[in-house]
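In what follows, every heavy atom counts, from backbone to side chain, and hydrogens, waters and symmetry copies are set aside.
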Amino acid sequence: MAHRRRVVRAAVSTAAATACLALATPAWASSTIAINPDHRDETAGGFSTRDCADPRFADRPADHDGWHFVLPGGRASGGFESLTLTFGTGTSEVTVTVPDADDAYPDALYPAGKNEDRLIHAYLFTPAGWTLLDGSAVITGTAGKFNLSHTCGGTAPSQSPSPSPSPTTSESPQPSESPSESASPSASATPSESESPSPSDSASPSTPATASPTASPGGSGGGEGGLPLTGVATTSIALGGLALIGGGALLMLRRRRDDITFTS
(Lines give C-alpha, C1' and ligand atoms only; values in the text may rest on other atoms or scores of the structure.)
Protein backbone atom coordinates (compact mmCIF):
# COMPACT_ATOMS: atom_id res chain seq x y z
CA MET A 1 0.00 0.00 0.00
CA ALA A 2 2.77 2.37 0.92
CA HIS A 3 4.44 1.68 -2.41
CA ARG A 4 1.25 2.47 -4.32
CA ARG A 5 0.87 5.75 -2.48
CA ARG A 6 4.41 6.80 -3.48
CA VAL A 7 3.71 5.99 -7.13
CA VAL A 8 0.49 8.01 -7.09
CA ARG A 9 2.20 11.00 -5.47
CA ALA A 10 4.99 10.90 -8.05
CA ALA A 11 2.49 10.79 -10.90
CA VAL A 12 0.55 13.73 -9.51
CA SER A 13 3.74 15.78 -9.07
CA THR A 14 4.83 15.08 -12.62
CA ALA A 15 1.46 16.05 -14.04
CA ALA A 16 1.47 19.29 -12.06
CA ALA A 17 4.97 20.19 -13.24
CA THR A 18 4.03 19.46 -16.86
CA ALA A 19 0.95 21.65 -16.58
CA CYS A 20 3.01 24.49 -15.15
CA LEU A 21 5.51 24.25 -17.99
CA ALA A 22 2.73 24.20 -20.55
CA LEU A 23 1.26 27.36 -19.11
CA ALA A 24 4.60 29.13 -18.86
CA THR A 25 5.89 28.22 -22.32
CA PRO A 26 3.93 30.93 -24.26
CA ALA A 27 5.47 33.59 -22.02
CA TRP A 28 9.00 32.39 -22.78
CA ALA A 29 8.57 31.99 -26.56
CA SER A 30 9.82 34.75 -28.92
CA SER A 31 8.84 35.40 -32.50
CA THR A 32 9.79 37.86 -35.24
CA ILE A 33 7.14 39.82 -37.06
CA ALA A 34 7.21 42.43 -39.84
CA ILE A 35 5.87 45.96 -39.89
CA ASN A 36 2.46 46.57 -41.46
CA PRO A 37 3.14 46.72 -45.25
CA ASP A 38 0.83 49.75 -45.49
CA HIS A 39 3.22 51.69 -43.25
CA ARG A 40 6.33 51.25 -45.37
CA ASP A 41 7.77 54.13 -47.43
CA GLU A 42 6.26 56.69 -45.09
CA THR A 43 7.68 59.98 -43.83
CA ALA A 44 6.81 61.45 -40.46
CA GLY A 45 5.60 64.65 -42.07
CA GLY A 46 3.46 62.86 -44.63
CA PHE A 47 2.00 60.05 -42.50
CA SER A 48 -1.79 60.00 -42.29
CA THR A 49 -1.84 60.07 -38.46
CA ARG A 50 0.24 62.83 -36.87
CA ASP A 51 0.08 63.80 -33.21
CA CYS A 52 2.76 66.19 -31.94
CA ALA A 53 0.75 66.62 -28.72
CA ASP A 54 1.86 63.15 -27.59
CA PRO A 55 3.66 63.71 -24.24
CA ARG A 56 6.36 61.27 -25.37
CA PHE A 57 7.33 63.78 -28.09
CA ALA A 58 7.88 66.60 -25.60
CA ASP A 59 11.67 66.18 -25.65
CA ARG A 60 11.90 65.79 -29.42
CA PRO A 61 14.39 68.24 -31.02
CA ALA A 62 12.80 70.56 -33.55
CA ASP A 63 14.97 69.17 -36.36
CA HIS A 64 13.98 65.54 -35.63
CA ASP A 65 11.01 63.38 -36.59
CA GLY A 66 9.06 61.51 -33.91
CA TRP A 67 7.90 57.90 -34.53
CA HIS A 68 5.53 55.84 -32.39
CA PHE A 69 5.13 52.10 -33.05
CA VAL A 70 2.59 49.86 -31.33
CA LEU A 71 2.11 46.09 -30.99
CA PRO A 72 -1.55 45.05 -31.36
CA GLY A 73 -3.12 41.70 -30.42
CA GLY A 74 -3.65 41.85 -26.67
CA ARG A 75 -1.95 39.60 -24.15
CA ALA A 76 -1.34 36.81 -26.69
CA SER A 77 1.11 39.03 -28.60
CA GLY A 78 3.20 39.69 -25.51
CA GLY A 79 5.43 42.76 -25.88
CA PHE A 80 8.37 44.19 -27.80
CA GLU A 81 11.83 42.84 -27.13
CA SER A 82 13.49 44.84 -29.92
CA LEU A 83 12.73 46.57 -33.23
CA THR A 84 14.93 46.82 -36.32
CA LEU A 85 13.95 49.72 -38.59
CA THR A 86 15.44 50.75 -41.92
CA PHE A 87 15.27 54.39 -43.05
CA GLY A 88 16.23 56.17 -46.25
CA THR A 89 18.08 59.45 -45.76
CA GLY A 90 17.93 60.52 -49.40
CA THR A 91 21.54 59.51 -50.06
CA SER A 92 21.86 56.23 -48.13
CA GLU A 93 20.04 53.75 -45.89
CA VAL A 94 20.35 53.66 -42.10
CA THR A 95 19.31 50.75 -39.86
CA VAL A 96 18.26 51.67 -36.33
CA THR A 97 17.70 49.25 -33.44
CA VAL A 98 15.24 50.01 -30.63
CA PRO A 99 16.25 50.07 -27.86
CA ASP A 100 19.91 51.05 -28.32
CA ALA A 101 21.55 53.48 -25.94
CA ASP A 102 24.79 53.58 -27.94
CA ASP A 103 23.50 55.13 -31.19
CA ALA A 104 22.65 58.74 -31.97
CA TYR A 105 18.88 58.20 -32.15
CA PRO A 106 16.89 58.56 -28.90
CA ASP A 107 14.44 55.71 -28.32
CA ALA A 108 12.47 53.93 -25.60
CA LEU A 109 10.01 51.09 -24.97
CA TYR A 110 6.94 51.69 -22.81
CA PRO A 111 4.40 49.26 -21.25
CA ALA A 112 0.70 49.07 -21.93
CA GLY A 113 -0.80 51.09 -19.09
CA LYS A 114 -0.30 49.30 -15.78
CA ASN A 115 0.86 46.06 -17.42
CA GLU A 116 4.55 46.58 -16.75
CA ASP A 117 5.39 43.18 -18.24
CA ARG A 118 4.10 44.02 -21.73
CA LEU A 119 6.14 46.64 -23.59
CA ILE A 120 3.89 47.36 -26.55
CA HIS A 121 4.89 50.99 -27.29
CA ALA A 122 8.13 51.98 -29.04
CA TYR A 123 9.28 55.59 -29.60
CA LEU A 124 12.12 56.80 -31.80
CA PHE A 125 13.55 60.18 -32.89
CA THR A 126 15.40 60.48 -36.21
CA PRO A 127 16.69 63.45 -38.23
CA ALA A 128 13.85 65.20 -40.03
CA GLY A 129 12.97 64.05 -43.52
CA TRP A 130 13.90 60.38 -43.28
CA THR A 131 11.68 57.75 -44.93
CA LEU A 132 10.67 54.53 -43.15
CA LEU A 133 11.52 51.82 -45.69
CA ASP A 134 10.96 48.62 -43.69
CA GLY A 135 11.00 47.13 -40.22
CA SER A 136 10.76 44.00 -38.10
CA ALA A 137 10.30 43.30 -34.41
CA VAL A 138 11.09 40.51 -31.96
CA ILE A 139 8.18 40.01 -29.56
CA THR A 140 7.53 37.78 -26.57
CA GLY A 141 4.25 36.37 -27.96
CA THR A 142 2.74 35.87 -31.37
CA ALA A 143 1.23 38.43 -33.74
CA GLY A 144 0.82 39.00 -37.44
CA LYS A 145 2.42 42.47 -37.62
CA PHE A 146 3.14 45.68 -35.74
CA ASN A 147 1.98 49.15 -36.72
CA LEU A 148 3.22 52.70 -37.06
CA SER A 149 0.73 54.40 -34.73
CA HIS A 150 1.41 58.13 -35.29
CA THR A 151 4.22 60.55 -36.03
CA CYS A 152 5.37 64.13 -35.50
CA GLY A 153 7.32 65.71 -38.35
CA GLY A 154 10.30 67.91 -37.61
CA THR A 155 11.85 70.74 -39.59
CA ALA A 156 14.99 69.93 -41.50
CA PRO A 157 17.82 72.49 -41.22
CA SER A 158 17.59 75.06 -44.00
CA GLN A 159 20.07 74.70 -46.81
CA SER A 160 20.36 78.50 -47.18
CA PRO A 161 23.95 78.53 -45.84
CA SER A 162 25.05 76.87 -49.09
CA PRO A 163 24.66 80.10 -51.14
CA SER A 164 26.83 81.91 -48.58
CA PRO A 165 30.04 80.61 -50.19
CA SER A 166 29.05 82.55 -53.33
CA PRO A 167 29.74 85.89 -51.58
CA THR A 168 33.16 84.54 -50.68
CA THR A 169 33.77 83.86 -54.34
CA SER A 170 32.51 87.37 -55.12
CA GLU A 171 35.34 88.78 -53.04
CA SER A 172 36.96 90.70 -55.82
CA PRO A 173 40.01 92.14 -54.15
CA GLN A 174 42.09 90.47 -56.80
CA PRO A 175 40.19 92.08 -59.68
CA SER A 176 40.55 95.36 -57.78
CA GLU A 177 44.29 94.97 -58.15
CA SER A 178 43.85 95.32 -61.88
CA PRO A 179 43.30 99.10 -61.48
CA SER A 180 46.62 99.22 -59.63
CA GLU A 181 48.10 97.47 -62.58
CA SER A 182 46.32 100.00 -64.76
CA ALA A 183 48.69 102.47 -63.14
CA SER A 184 50.46 102.11 -66.43
CA PRO A 185 50.95 105.85 -66.60
CA SER A 186 54.52 104.65 -66.27
CA ALA A 187 53.89 103.09 -69.61
CA SER A 188 52.16 106.27 -70.70
CA ALA A 189 55.32 108.09 -69.69
CA THR A 190 56.95 106.34 -72.57
CA PRO A 191 54.94 108.52 -74.96
CA SER A 192 56.42 111.59 -73.22
CA GLU A 193 59.81 110.11 -73.78
CA SER A 194 58.79 109.42 -77.32
CA GLU A 195 57.93 113.09 -77.65
CA SER A 196 61.37 114.15 -76.40
CA PRO A 197 63.08 112.67 -79.41
CA SER A 198 60.90 114.87 -81.65
CA PRO A 199 62.78 118.04 -80.71
CA SER A 200 66.03 116.27 -81.48
CA ASP A 201 64.48 115.39 -84.79
CA SER A 202 63.55 119.03 -85.27
CA ALA A 203 67.17 119.90 -84.64
CA SER A 204 68.20 117.73 -87.52
CA PRO A 205 66.49 120.01 -90.02
CA SER A 206 68.42 122.93 -88.48
CA THR A 207 71.68 121.53 -89.76
CA PRO A 208 70.52 121.44 -93.36
CA ALA A 209 69.13 124.95 -92.81
CA THR A 210 72.61 126.16 -92.00
CA ALA A 211 73.87 124.34 -95.04
CA SER A 212 71.28 125.94 -97.30
CA PRO A 213 72.77 129.46 -96.99
CA THR A 214 76.11 128.16 -98.10
CA ALA A 215 74.45 127.04 -101.29
CA SER A 216 72.64 130.38 -101.85
CA PRO A 217 75.75 132.43 -102.65
CA GLY A 218 76.50 130.01 -105.42
CA GLY A 219 73.10 130.69 -106.92
CA SER A 220 73.58 134.45 -106.81
CA GLY A 221 77.15 134.37 -108.04
CA GLY A 222 76.63 133.10 -111.56
CA GLY A 223 74.11 132.39 -114.20
CA GLU A 224 75.69 129.10 -115.20
CA GLY A 225 73.94 126.94 -112.69
CA GLY A 226 75.07 128.74 -109.46
CA LEU A 227 78.63 127.33 -109.14
CA PRO A 228 80.79 128.66 -106.23
CA LEU A 229 83.59 131.28 -106.88
CA THR A 230 87.14 129.86 -106.81
CA GLY A 231 90.69 130.54 -108.11
CA VAL A 232 91.83 133.89 -109.65
CA ALA A 233 88.44 135.50 -109.42
CA THR A 234 88.49 135.47 -105.70
CA THR A 235 92.03 136.84 -105.54
CA SER A 236 91.23 139.80 -107.82
CA ILE A 237 88.17 140.62 -105.82
CA ALA A 238 90.18 140.58 -102.64
CA LEU A 239 92.88 142.88 -104.08
CA GLY A 240 90.26 145.24 -105.41
CA GLY A 241 88.69 145.42 -102.06
CA LEU A 242 91.99 146.17 -100.38
CA ALA A 243 92.68 148.95 -102.92
CA LEU A 244 89.35 150.53 -102.23
CA ILE A 245 89.94 150.38 -98.53
CA GLY A 246 93.41 151.90 -98.89
CA GLY A 247 92.14 154.66 -101.15
CA GLY A 248 89.39 155.49 -98.77
CA ALA A 249 91.88 155.71 -95.93
CA LEU A 250 94.10 158.10 -97.87
CA LEU A 251 91.14 160.32 -98.74
CA MET A 252 90.16 160.54 -95.12
CA LEU A 253 93.71 161.47 -94.05
CA ARG A 254 93.99 164.13 -96.73
CA ARG A 255 90.66 165.63 -95.78
CA ARG A 256 91.75 165.89 -92.22
CA ARG A 257 94.94 167.61 -93.28
CA ASP A 258 93.01 170.12 -95.36
CA ASP A 259 90.73 170.90 -92.47
CA ILE A 260 93.71 171.53 -90.20
CA THR A 261 95.44 173.89 -92.68
CA PHE A 262 92.23 175.92 -93.23
CA THR A 263 91.69 176.55 -89.62
CA SER A 264 95.25 177.63 -88.98
Side-chain angles (χ1 to χ4, degrees), residues 23-162:
L23 293 174
T25 298
W28 297 341
S30 295
S31 60
T32 302
I33 59 175
I35 192 171
N36 187 335
D38 295 336
H39 298 162
R40 293 173 182 164
D41 299 323
E42 291 284 355
T43 61
F47 189 56
S48 58
T49 305
R50 296 185 297 275
D51 183 11
C52 291
D54 187 332
R56 304 293 184 185
F57 290 151
D59 297 331
R60 178 188 60 83
D63 59 350
H64 277 60
D65 290 334
W67 306 84
H68 173 215
F69 301 92
V70 65
L71 176 62
R75 183 169 295 275
S77 63
F80 285 125
E81 289 186 351
S82 66
L83 292 85
T84 302
L85 306 168
T86 302
F87 293 89
T89 66
T91 57
S92 62
E93 292 185 4
V94 177
T95 299
V96 181
T97 300
V98 181
D100 186 352
D102 295 330
D103 62 16
Y105 315 110
D107 55 45
L109 296 177
Y110 292 96
K114 296 180 180 180
N115 297 322
E116 298 293 337
D117 58 335
R118 295 184 58 232
L119 303 175
I120 65 170
H121 300 284
Y123 284 84
L124 173 66
F125 298 158
T126 63
W130 285 15
T131 301
L132 177 62
L133 301 179
D134 202 356
S136 62
V138 177
I139 60 176
T140 58
T142 58
K145 60 186 177 183
F146 70 97
N147 297 321
L148 175 60
S149 174
H150 56 268
T151 62
C152 180
T155 302
S158 62
Q159 301 300 325
S160 57
S162 57

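Rounded to the nearest 0.5 angstrom, Tyr110 OH and Ile120 CD1 are separated by 14.0 Å. Summarising the geometry, atom OG belonging to Ser48 is positioned 6.5 Å from atom NE2 belonging to His39; distances are rounded to the nearest 0.5 Å. Separating the CG atom in Asp100 from the OG1 atom in Thr84 is a distance of 10.0 Å, to the nearest 0.5 Å. Between the OG1 atom in Thr95 and the CG atom in Leu133 there is a gap of 9.0 Å [rounded to 0.5 Å].
Residues Leu83 and Leu124 form no side-chain contact, since every pair of their non-hydrogen atoms from C-beta on lies 4.5 Å or further apart. Taking the side chain as every heavy atom from C-beta outward, Asp63 and Thr155 never approach each other to under 4.5 Å. You'll find the side chain of Cys152 stays beyond 4.5 Å of the side chain of His68, heavy atoms only. Using a 4.5 Å heavy-atom threshold, the side chains of Arg75 and Asp117 count as touching. Here the side chains of Leu132 and Ile35 are in contact, with some heavy-atom distance below 4.5 Å.
In this structure, Ala34 and Arg40 approach most closely via the heavy-atom pair CB-NH2, 4.3 Å. Of all non-hydrogen atoms in Ala128 and Ala156, the two that sit nearest each other are CB-N, 3.7 Å. Nearest heavy-atom pair, Gly66 versus Phe125, reported as atom, atom and distance to 0.1 Å: CA-CD2, 3.8 Å. The shortest heavy-atom contact between Ser136 and Phe146 is C-CE2, 3.6 Å. When all heavy atoms of Ser30 and Glu81 are compared, the pair lying nearest together is OG-OE2, 3.0 Å. Of all non-hydrogen atoms in Leu109 and Ala122, the two that sit nearest each other are CD2-CB, 3.6 Å.
No donor-acceptor pair under 3.5 Å is formed between the side chain of Arg118 and the backbone N or O of Pro111. Between the side chain of Asp65 and the backbone N or O of Gly129 there is at least one donor-acceptor pair closer than 3.5 Å. Formation of a donor-acceptor pair under 3.5 Å by the Thr131 side chain with backbone atoms of Thr43 is not found in this model.
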Show the atom names and distances, to 0.1 Å, of all donor-acceptor pairs under 3.5 Å that link a side chain in residues 50-58 to residues at least two apart or in another chain.
residue : atom : partner : partner atom : Å
Arg50   : NH1  : Gly45   : O            : 3.4
Arg50   : NH1  : Phe47   : O            : 2.6
Asp51   : OD1  : Ala53   : N            : 3.2
Asp54   : OD1  : Arg56   : N            : 2.9
Asp54   : OD2  : Tyr123  : OH           : 2.8
Asp54   : OD2  : His150  : NE2          : 2.7

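More than 12 heavy atoms of other residues, nucleotides or ligands sit less than 6.0 Å from atom CG of Asp103.
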>> Test side chain to side chain contact (heavy atoms under 4.5 Å, CB included) on Leu71 and Ile33; report intermediate values, then the result.
In response: CA-CA 10 Å; Leu71 176 62; Ile33 59 175; 3.7 Å; yes
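Each of Phe69, Trp130, Trp67, Tyr105 was checked for a side chain to side chain contact (heavy atoms under 4.5 Å, CB included) with Leu85, and the lone residue meeting it is Phe69. Tested against Asn147, the residues Thr49, Asp38, Asn36 include a single side-chain hydrogen bond (donor to acceptor under 3.5 Å, both in side chains) partner, Asn36.
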